[in-house]
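What follows is a short report on a single structure.
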Amino acid sequence: MTDRRILSLWFPRLGADRLMRLEPQLQQMPFAVVREVANMQVLSSVNPVAAGFGIRTGQPVRDAHAMCEGLVTRARNTQSERAFLSVLQRWAGKFSPWVATEADDGLVVDLTGCAHLFGGEASLMEVVQQDCNDLGLAVRMGLADTRGAAWALARFAGQAAGAHRSGDAIDQEARATRSRAGKRRHWTRGGAAPVMQPGRHAATHRIAAPGQTYSALSPLPVAALRLDDGVAEQLARLGLRRIGDLLGQPRASLARRFGRGLVMRMDQAMGSAPEPVSPAKPPDHFAVRLTLPEPIGLEADMLAGIDRLLPRLCAQLRDKGRGARRVRLQAFRSDHDIQSVDIGLARPSHDPDRIRPLLAMKLETIDAGFGIDMLRLEALQSEPLHNRRAVGHLDAGQAVNKRLASNTATDDLIGRIGARVGLDAVTRLYPTESHIPEKTSKVMAAAWSAPYGGDWRRSATPRPLLLWQPEPVNAPDTPKVPEVFRWRGRTLRRRRAVGPERLAPEWWLDDPDWRTGVRDYWVTDTEDGQKLWLFYGHGGTMSSGWFCHGSFA
């Protein structure tokens, strides 16, 4: 007998309950959450009003609308549901410090040694039920000695095993078989298995007494062992519909026919195989605050407060081997208003001298009002920092490390410009492998990318400094370079032309800009001093003609 007690919490309508908390009017109308599965929209969660119309999860949306004309649907937001489940995980920490998430709609709590603090297991589960009712959440609970048994009780308690194959149904058997099966009242002798559905007022939780795991799991269907649907159907075809039927079978035969996964699930449910509850490690939180004896309102006073806060914040980051990427300064005013500014760094850092100038630039945007009572500094985003190690001669390695550590001028410049216009507005170019002129480089945010360390690949023919979308040129539709052409409302005369350079489109892509087909590029000098990059498109899905693609310096 084990001393562990595991509580499993299942939120069958987590997606719908989350949205109904945000939009209370959805509680009074049929409502469902929709997700896409294999290019088809199906329901992932429904509220009680929609369930009253016979709508169920996993049903196609078109069928649900046919059953209920006024059905309201919302698209599923998986990330928001996970964030909501993480909030519920923190809430469940009031019952035990060992709480972990289970799939996308459940929690598992190790209650070993904690139930007596709430007056016993039944009283604790009543508290859980009351809290979920206050939160507007539907919950089903199971409590047992093992994690697998608690999971089974939370999801399958009160359900009997049903038939998985059509041949077991009396209505689809031969007439003689139906007459004989009608006399056999027990489903194990050939009749259809009765399927029990939990009633409207059925209990929302089940408790398996300590040491009573076998008796609690025996009447449940084999799907309660967390098996794949295919394995459960194969077991049902052999007449093994209940967990009790499986526990009495030879383990070697089950393992040979259905794999070791089935035996492992049985051992986990019965406690023969360990299945611990591993709570998620709380994320590192870096924040400091300074409470002021008197309200302040001058920038110099706020800078003095920042000078006290920054070393403490950077010390926290340094101890964890991390550097701040985004920092927020909050000023709490005496009238209970909060003023805040955010700054970003081009490279993660825990150096106060690199963060302070960026904060000083933003202080002018803070309205002190009647005075500021408290300052708070928080690292919203941090990244790990790895110390560089020297290779080779000790003195040479120290010199290289010193030079690399002090070479932060470019990063500081990016951070200062980004504080004004935004870090995403500061970009750099990276070379790419492509013969298409407009694809020879890609634009990347300078704050989130390192400088390119290699040499840029040079083209065999000259490329213009400026490129734009190909613009039509009014000239005769012939491959010969025109003597006179009209472009951007001006008539230009050719002085010299060098070329052609033939470029073909990428045949494996349908690029709308290259539907003019093969191009012949010419470096064209005009009499007014311009040096243009003209090309003649021989025509593909579009008509042929002359275009201007760029200009040389």
Are the side chain of [X] and the backbone of [Y] linked by a donor-acceptor contact shorter than 3.5 Å?
X      : Y      : value
Ser123 : Gly120 : no
Thr524 : Leu534 : no
Asp520 : Phe535 : no
Arg318 : His350 : yes
Thr526 : Arg494 : no
Trp91  : Asp131 : no
Asp528 : Leu492 : no
Ser45  : Ala16  : yes
Arg147 : Pro276 : yes
Gln530 : Ser551 : no

Working to the nearest 0.5 Å, report the span between [atom1] of [X] and [atom2] of [Y].
X      : Y      : atom1 : atom2 : answer
Phe11  : Leu137 : CZ    : CG    : 6.0 Å
Leu359 : Ile306 : CG    : CD1   : 5.0 Å
Phe31  : Gln25  : CZ    : CD    : 10.0 Å
Ile355 : Leu313 : CD1   : CG    : 6.5 Å
Glu471 : Phe547 : CD    : CZ    : 11.0 Å
Gln27  : Asn47  : CD    : CG    : 8.5 Å

Is there a side-chain contact between [X] and [Y], using heavy atoms and a 4.5 Å cut-off?
X      : Y      : value
Arg326 : Leu345 : no
Val128 : Leu9   : yes
Glu81  : Leu85  : no
Glu378 : Phe286 : no
Leu43  : Val34  : yes
Ile296 : Met302 : yes
Lys362 : Leu329 : no

Leu303 vs Glu299, test: side chain to side chain contact (heavy atoms under 4.5 Å, CB included). Steps then yes/no. CA-CA 6 Å; Leu303 275 176; Glu299 289 188 14; 5.5 Å; no
Any idea which heavy atoms bring [X] and [Y] closest together, and the distance?
X      : Y      : answer
Cys314 : Asp351 : SG-C, 4.1 Å
Leu14  : Asp105 : CD2-CA, 4.0 Å
Pro348 : Leu385 : O-CD2, 3.5 Å
Ala504 : Ile436 : O-CD1, 3.9 Å
Pro384 : Arg322 : CD-NH2, 3.8 Å
Ile417 : Val426 : CG2-CG2, 3.7 Å

Side-chain donor-acceptor contact under 3.5 Å, Arg325 with Gln381: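 There is no such pair between these side chains.
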Side-chain H-bond candidate by donor/acceptor type, Arg82 with Gln79, under 3.5 Å: no
Whether [Y] and [X] form a salt bridge (side-chain N of Lys/Arg under 4.0 Å from carboxylate O of Asp/Glu) is what I want to check.
X      : Y      : answer
Glu36  : Arg76  : no
Arg4   : Asp110 : yes
Asp367 : Arg333 : yes

Take Glu501 and Arg463 through the side chain to side chain contact (heavy atoms under 4.5 Å, CB included) test and state the conclusion after the steps. CA-CA 11 Å; Glu501 177 190 2; Arg463 289 287 187 267; 3.0 Å; yes
Taking atom NE2 of His336 as the centre, report whether more than 12 heavy atoms of other residues, nucleotides or ligands fall under 6.0 Å from it. no
I would like to know whether Glu527 and Arg496 meet salt bridge (charged side-chain N to carboxylate O under 4.0 Å, His left out); could you show each step before the answer? CA-CA 9 Å; Glu527 291 184 350; Arg496 186 184 63 171; over 6 Å; no
Classify the angle between the aromatic ring planes of Tyr536 and Trp546 as parallel (below 30°), tilted (30 to 60°) or perpendicular (above 60°).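 Correct class here is tilted.
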Carefully, step by step, assess Ile6 and Leu111 under the rule side chain to side chain contact (heavy atoms under 4.5 Å, CB included). CA-CA 6 Å; Ile6 307 298; Leu111 291 179; over 6 Å; no
